[in-house]
Amino acid sequence: MDALRRLETCGKPVAAAINGSALGGGLEICLAAHHRIVVADDETIRLGFPEATLGLLPNAGGTQRLPRLIGIERAIDIMVFGAVLTPSEAEACGLIDRVVPADKLMEAAKTFVKTAENAAQPWDRRGFRIPGGGVQGGARWPFIFANARAGSVYRGNDPAPTAILACIYEGTLTSFEKGCRIESAQFARLARHATSRNRVRSAFLSPRELRKRHKAPDQAVRRIGVVGAGQMGSGIALAAALAGLEVVVSDTSHDAARAGHDRAAAAYDSLVRAGLAQARDKDEVLRRIAATDSLDSLGETELVIEAVFEDETVKRGVLGAVDALLPAQAIICTNTSTLAITPLGESLRHKGRFVGLHFLSPVPRMELVEIAPGQETDPQTVSRAFGFARQIHKLPVVLNADRGFITSRISSAYLQEGLHMLNEGAHPAVIENAGRAIGMPMGPLAVCDLVGHDASLNALRQTPPADAEAAADHADIVDMLTALVQVHRLGRKSGGGFYDYGAAGRSRRLWPQLGELFTHGKAAEDAAYFETLKHRLLDAQIHAALGCLDSGVTNDPRAVDVSALLGCGFPCWTGGPLSHVDTIGAETLIRRQEGYNERTARRFATCGLLRRLAEDGRDIYDIDKEDR
Ligand code: NAD
C-alpha cells in the first residue's frame, strides 16, 4: 500500500497501459497511476475487484481510491457485488481515461507521460469532492440501498461485503490516509476469519494441487469424436474446438447432428456475451466441429466421448460399436452421470481403454470434470483422460473406481432433502427460500425442475437404496416424482414442474396447484423451523460430501470441496462442505443433526467419519489420508 502511495505522490506522471484483464491486485496498481489507457480490440478484457469472492477486500488502497475516482455507488457495484467491467464500460464510468487500438497503446501512454501538466491524484488536490457526493450527501440513499441489497444477496453469511461497505462509509468520511488505515484494520479482521482461509484454500491452493495430481502424457490430442449431439455432446464438442482440437460429432440422424452444431454455435454466442470468447474467432472455432449421422469417421480419432441418453442398453450399444471401430491405441470415455463404469465397459474388446469422464452442464463454462476409472481401466488411460481434460482447460478430479461421482452425490442430496421437506408438509416457497438463504444459487425444487423429473426418476431407478430404511425415503421420492410425471409436469423443459415457466424458461413462479398434489401447511412455519430447514439443506450436502470420503469415492478432501463448489453451487462462503465441517466442528454438527425429526436424524446418522472426527477432536484437513 505504501509503495502505491509513493508512486502516486512522487510528483512524476504515471500512466497505466492495460493490455489484458486487470482484476484485484492488477487494478490496484492501475488505480495508483494518474492516467489509465486500455486496448479496445480485445473483447475478453475485464476490470474489477473480485476479492470479496475470496472473503477478502482490496487492501492496497482500492477501497479508498475507487469510490474517490468513480463515485460511491459504482464502486460498491464493483467491490461488493463483483461487477466486472469491459473497457468501454470502464471508460464510461471514469475508471479508464482512454480506450485505444492495441498498436497505439504504448504510444498513448508515452504521450501522456511526456505532456501531463499535473501529476497528482484528484483526491490529493485542493477542493476535492467525491463524484456524486459522499455517504452523507449525494450517495446517502445509494449507500442505504446497497446495504439492503447486500443483505438480500449475501444473507449475512459472508463477512467480506459488510467489511467493504464499512471501509467505504468510514473511509470516505475522512482523509485518504486514514481511510487506508481503516481498510487495513478491516482486512486484518477478514484475513483471520475461517471464511477467507477456507475460500483461499478451495479457490486457489486446492485446484493447483489437483491440477498437478497426475502426469499428463507428452503428446497432445488433436482429433476427438463425440457420440450424441445433445446438450452435453454439443457442449463437449465446443469446449474441445475452443482449445484448438478437431471434433467429429455424431448422432442418429443428420438433423440431430446439425442441431448439435447449431447448439454449439448458440453456446459460443453466449460465451462472447460473457466476455469469454471473441466474436471474430467464431467461424474458425465452429469449422473445427464436423457433424455427421454415422460413426464411420470416428475411426480416425484418438479419443471418443459417449454422450447419448442415460440408458444402459443404448450406451452399451454405442460403446460396442465405437470399440469395434477405433484403433487399439484410442481411448473411449463415457459421460454417464449415474451408471457404474465397470459393468458398462464389460463387453468391450479393450476394457483397459475405457473410463468415465463426467462433464457438467453447461460444458464450455463448467471447469470441473470428474474422471472415474472402472476396475479394468489402465492407469495410462486415466493419465490420457487427465491430459485431455487439462488440454481443454478443465480441472480434472480423479476418483476411485466405480463408487459414483462427487457432484452427483452432493447435488442429489440437496434436491432430495428439498423433496423430503415438501413431503413432510413444508410450504414450497419456504423450502426454496431456505435454499437461497444458505447461499445456494437456486432452491432445491428449482434444481429438480432443471434436471427434469423423468430424468431424476430414471436415475433413481438405476441406483437402488442401500438398506430397508433408505428404501422408505427412496419410495417417497419416487412417488412424488411419479405424481409430477403423470400430470406431465416434467420440469423446465416441459414448461412446468414445481414451477410454471414463462417464455424461454426465463421467468417462473411456483405452480399454484402444487398444494393439490402435495399438501402443505402441516409443518409449523416460524423462524426456528426456517433455521432448521436451512441447516438440513446444508447438512444433507455435507453428509453426502463426508460419504464420498467414507465410502472411498476419493480420499482427498480437496477434491470434494472443489467439486462441491465448482460443480454443485455449494455455498462459496463456506469454502466447501468439508471445510465447513472443520469450521463448525464435528461435535456441533452431530448435535445439530441429532436434533432433527426422527427420520431426518436417521438419514444423517450413518456417517462413521464424522463420529471418528468428533471422538478424536480432529479436523478433516488435519488427518492423514491413511487414517481416513
Ligand atoms: P440429450 O438428451 O440432450 O442428448 C442425447 C443425444 O444422444 C441426443 O441428441 C440423441 O439423439 C443422441 N443419441 C441417442 N442415442 C444415440 C445413438 N445410438 N447414437 C448417437 N446418438 C444418440 O442428453 P444430455 O443431457 O446431453 O446427456 C447425455 C449424457 O450426459 C447422459 O449420459 C447424461 O446422464 C450425461 N450428463 C448430463 C448432464 C446434464 O446436465 N444434462 C450432466 C452430466 C452428465
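Remember, it's 1-based here, ligands and their atoms both numbered in the order they're listed. As the structure is a computational prediction, the values presented were derived from the model and not from experiment. Side chains are part of it too, since the values below use all heavy atoms of this structure and drop only hydrogens, waters and symmetry mates.
Looking at S563 and E370, their side chains never bring a donor and an acceptor atom within 3.5 Å of each other. R461 and N458 share no donor-acceptor pair across their side chains, judged by distance under 3.5 Å alone.
Taking every non-hydrogen atom of H358 and a distance limit under 4.0 Å, the qualifying atoms of ligand 1 come out as 43 (C), 44 (C). For ligand 1, the atoms lying closer than 4.0 Å to a non-hydrogen atom of K315 are 31 (C), 32 (O). Ligand-side atoms of ligand 1 in range of F359: 42 (C), 43 (C), 44 (C), range being under 4.0 angstrom from any heavy atom.
Looking from atom 15 (N) of ligand 1 to the surrounding protein, the closest heavy atom is V314 CG1, 3.7 Å. The shortest contact between atom 17 (C) of ligand 1 and any protein heavy atom is with T252 CG2, 3.5 Å. Protein heavy atom in closest approach to atom 3 (O) of ligand 1: Q231 N, 3.0 Å. Of the protein's heavy atoms, E310 OE1, 2.5 Å lies nearest to atom 32 (O) of ligand 1. Distance from atom 40 (O) of ligand 1 to its nearest protein heavy atom, with residue and atom name: S361 CB, 3.4 Å. Nearest to atom 22 (C) of ligand 1 among the protein's heavy atoms is V308 CG1, 3.4 Å. When only non-hydrogen protein atoms are considered, atom 4 (O) of ligand 1 lies nearest to G230 CA, 3.3 Å. Scanning the protein heavy atoms around atom 11 (O) of ligand 1, the nearest turns out to be D251 OD1, 2.6 Å.
Not a single N or O atom of E306, backbone or side chain, sits closer than 3.5 Å to an N or O atom of ligand 1. Residue M232 has at least one N or O atom closer than 3.5 Å to an N or O atom of ligand 1. For ligand 1, none of its N or O atoms has an N or O atom of T336 under 3.5 Å away.
Contacts between T334 and ligand 1 below 4.0 angstrom, taking non-hydrogen atoms only, are absent altogether. Heavy atoms of V318 found under 4.0 angstrom from ligand 1 belong exclusively to the side chain. When heavy-atom distances to ligand 1 are checked against a 4.0 Å cut-off, N335 comes that close through both its backbone and its side chain.
Looking at heavy atoms from C-beta onward, F498 lies in side-chain contact with H453 at the 4.5 angstrom threshold.
Exactly one of D323, V322, L344, T342 qualifies for a side chain to side chain contact (heavy atoms under 4.5 Å, CB included) with F354. That residue is L344.
Remark: side-chain polar atoms of R46 are paired, donor with acceptor, to backbone N or O of E43 under 3.5 angstrom.
Relative ring orientation between F81 and Y154 is described as parallel, the plane-to-plane angle staying below 30° on a 0-90° scale split at 30° and 60°.
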task: Check the pair E310 / T336 against side chain to side chain contact (heavy atoms under 4.5 Å, CB included), numbers first and verdict last.
output: CA-CA 6 Å; E310 188 74 349; T336 180; 2.8 Å; yes
task: Starting from the C-alpha separation in whole Å, work towards a yes-or-no answer on side chain to side chain contact (heavy atoms under 4.5 Å, CB included) for L481 and L419.
output: CA-CA 9 Å; L481 295 177; L419 292 175; 4.2 Å; yes
task: Go through R508 and D449 one step at a time and tell me if the salt bridge (Lys or Arg N to Asp or Glu O under 4.0 Å) criterion holds.
output: CA-CA 11 Å; R508 61 168 191 234; D449 270 3; over 6 Å; no
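Between K282 and D269 there is a salt bridge, since a side-chain N of the basic residue sits under 4.0 Å from a carboxylate O of the acidic one.
Within 6.0 Å of CZ in R349 there are more than 12 heavy atoms belonging to other residues, nucleotides or ligands.
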